[in-house]
There are 2 protein chains.
Amino acid sequence: MKSSNTKNKRPTLQDVADLVGVTKMTVSRFLRNPDQVSVPLQTKIADALENLGYIPNRAPDILSKSKSHAIGVLLPSLTNQVFAEVIRGIESILEPAGYQTMLAHYGYSKEAEESRIATLLSYGVDGLIISESYHTERVRKMLSVAGIPVIEIMDSVSPPIEQAIGIDNQAAAYAMTEFMIQRGRQKIVYFAARMDQRTLFKIKGYESAMLDNGLTPLCLKTNSASSFTLGAKFLKDALQQQPDTDGIFCTNDDLAIGALYACQKAGIKVPQDIGIAGFHGHDISRAMVPLLATVVTPREEMGRLAAEHLLSRLQGNPVSQRVINLPFQLEAGESI
Amino acid sequence: MKSSNTKNKRPTLQDVADLVGVTKMTVSRFLRNPDQVSVPLQTKIADALENLGYIPNRAPDILSKSKSHAIGVLLPSLTNQVFAEVIRGIESILEPAGYQTMLAHYGYSKEAEESRIATLLSYGVDGLIISESYHTERVRKMLSVAGIPVIEIMDSVSPPIEQAIGIDNQAAAYAMTEFMIQRGRQKIVYFAARMDQRTLFKIKGYESAMLDNGLTPLCLKTNSASSFTLGAKFLKDALQQQPDTDGIFCTNDDLAIGALYACQKAGIKVPQDIGIAGFHGHDISRAMVPLLATVVTPREEMGRLAAEHLLSRLQGNPVSQRVINLPFQLEAGESI
DNA sequence: CCATGTTTTGTTACACGTAACATTATCATA
DNA sequence: TATGATAATGTTACGTGTAACAAAACATGG
């Protein structure tokens, strides 16, 4: 019967035990399995728990068993809708399994990635879902030392640390470019923003497809984030650099939609004058007028799969498949 | 000199200390302030830390000092762009201040809210930012027992638990409705989805404005989430129930844009035949053709302010202002 | 070279829940 | 009633970093 809680700190198991007149071990047993405790005590303990408003404390568990029941998720950005949907997929699996998600983002900066991973690890996360396929040596070291399962998402090409789940961005961009060419487009410009690994892969796919068809690639690039207004700006730039542009392929839907609206404002007919295609297939691309041509990517499923495989690994199963390559889908819409 | 780390667990301070030949206390001192340690030891310890890839462990801190340096953020949904922007605002303040964000969402369910708050508290978060203005008794009890600062965001009307930062949704809806009426709209229908507290306030504002102007309100409601397709469906319903509808005011931009596209497809001219207004003012509403009329809300600033006030409270300052009412802004666009 | 002060390092105890083991209470049966 | 088995509860120790106190090493001045 240790000292009861005099300061108004939040109640501990000891406080509950004191109130009932047992040891905290008995209360602990009740919490894990009420039947381990005699019937009269069950109600008394339940009452005391309710009364004091007891809230469990995970810290001791993390300390002694290194089990936090939390999963770290590290993404480049939280505002990008792509990642919002990935998160939804992840949580749809983790939450029912009793895992808390610890979200962090690094704004596409390698240094920030290092520090975010260190932070997540310092909270004792049981597993990590990270994005991007390139990581610094320090990040790799931290991950190896931490000894927890790690899954990389978004891209399925680079050799994974342990396991990767994503799509083949290069192949997807190649396919859409070919598709546009088949539709008769010749002077297709690529709009790229936020030059991360995935964007570079897409550019590679676009350029290969153009060259393979004897066409000249032209790529507009910026390091800033994509947005509708950037799409509009790129359209202006494209028409200036190549007035007879007849196709635009964008690294994501935002740029495409921005470009499309800019065309509408400028009196350029889509798809008659210029064909426009996006990437990802967000809801809006499937509701707007005209429907946007796009590469539909399985973002939510990617999150789900990553979470499922992570849980499986946490249950002790080995990596079943080092690289899981998810299919993408071309959607013609009405804009090419 | 305790047993060195035989199992390949992640290294602890003790492991580092063993490698250097000092006690872990010395290493701990070095980490907090290198000057507390003799110069020759400084390099040795730094080397050992780097060598082993030491990552600090927050669990002992949470346990002994109840300081996790983590802030819990509880939102109804993560996919809704409104909340994505609130999160961005929050993180823009918390991250530089050295706080980790623990994100959770409850899908608009009261039971889920209870359990998510308990989970966040079980991780020892130092403070909480929650949404919605109504909370169950159990939630209130948990928050009071936890003894950490709590800030409610989104709505600025209901009496806050401690401190609320948001907008007056009812007044905003009233203002936009009046605005539409001034523009000559008479038969304005309200499109409502996800009937949460805020939506109810908006409906109230809309209905008051209609009644105050001698008009008859008509509100289409559903409990499901809003989407572009739902906006399209609502448009059909509205025209069926009230064929001479000349205005549509939506509880958010998604519904409005969906309705607008549906009009375009059906050959209904916006704004000539029907005026349409949304709520929030996302990027797309300011890029599309026609520009969407909308109530622009300061989502990111709301997040920033919430985080700033929370930090101030964590530094021991008292609540400076129980309710902070942020201004909204009517944007006429080209759709009303 | 001692006395005193200062710097550097070490020791001990603690936070809280639970595994593992130990003890006590309860019950059925011979 | 005694005995053994089972159920119910208690005791101890642990995980990790750090505050608080203690000790040792070093420096300075007389």
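On a predicted model such as this, the values are computed, not experimentally measured, just so you know. Chain identifiers are assigned alphabetically (A, B, ...) following the order of the sequence lines, protein sequences preceding nucleic acid strands; residue numbering begins at 1 within each chain.
- Between Lys141(B) atom NZ and Glu114(B) atom CD the span is 12.5 Å, to the nearest 0.5 Å.
- Distance alone, capped at 3.5 Å, is enough to place a donor-acceptor pair between the Ser131(B) side chain and the Leu74(B) backbone.
- Residue Ser38(B) places at least one side-chain N or O under 4.0 Å from the OP1 or OP2 atom of dT9(C).
- OP1 or OP2 of dT18(C) sits under 4.0 Å from a side-chain N or O of Ser28(A).
- At whole-Å resolution of the value, CD1 in Ile45(A) and P in dT9(D) are 8 Å apart.
- Rounded to whole Å, atom P of dG10(C) lies 15 Å from atom CZ of Phe30(B).
- Distance Gln36(B) CD to dT9(C) P: 10 Å, rounded to the nearest Å.
- Comparing Val39(B) and Arg58(A) by the nucleotide of DNA chain C that holds the closest heavy atom to each, the one mapping nearer the 5' end is Val39(B).
- Here Tyr54(A) lies in heavy-atom contact (under 4.0 Å) with sugar-phosphate atoms only.
- Between Lys24(B) and the phosphate of dG10(C), there is no side-chain N or O to OP1/OP2 separation shorter than 4.0 Å.
- Whole-Å rounding puts the Arg29(B) CZ to dT16(D) P distance at 20 Å.
- Using a 4.0 Å heavy-atom cutoff across all strands shown, Val37(B) reaches sugar-phosphate atoms only and no base atom.
- Residue Thr26(B) has no polar side-chain atom (N or O) positioned under 4.0 Å from OP1 or OP2 of dT8(C).
- Using a cutoff of 4.0 Å between basic side-chain nitrogens and carboxylate oxygens, Glu111(B) and Arg138(B) are not scored as salt-bridged.
- Atom-to-atom, CD of Gln42(A) to P of dA7(D) comes out at 14 Å; the value is rounded to the nearest Å.
- Whole-Å rounding puts the Met25(B) CE to dC21(D) C1' distance at 11 Å.
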Can you list the steps and then say if Arg304(A) with Ile90(A) is a side chain to side chain contact (heavy atoms under 4.5 Å, CB included)?
CA-CA 5 Å; Arg304(A) 271 199 306 274; Ile90(A) 291 173; over 6 Å; no
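- Among the heavy atoms of the strands lying under 4.0 Å from Arg32(A) are primed sugar atoms or P, OP1, OP2 only; no base atom is included.
- Ser64(B) has no side-chain polar atom (N or O) that falls below the 4.0 Å cut-off from OP1 or OP2 of dC16(C).
- Atom CZ in Arg10(B) sits roughly 12 Å away from atom C1' in dG17(D) (whole-Å rounding).
- Leu41(A) comes within 4.0 angstrom of the backbone, heavy atoms only, and of no base.
- With values rounded to the nearest 0.5 angstrom, Ser122(B) atom OG is found 9.5 Å from Asp61(A) atom CG.
- Atom C1' of nucleotide dC14(C) and atom NZ of Lys9(A) are separated by 10 Å, given to the nearest angstrom.
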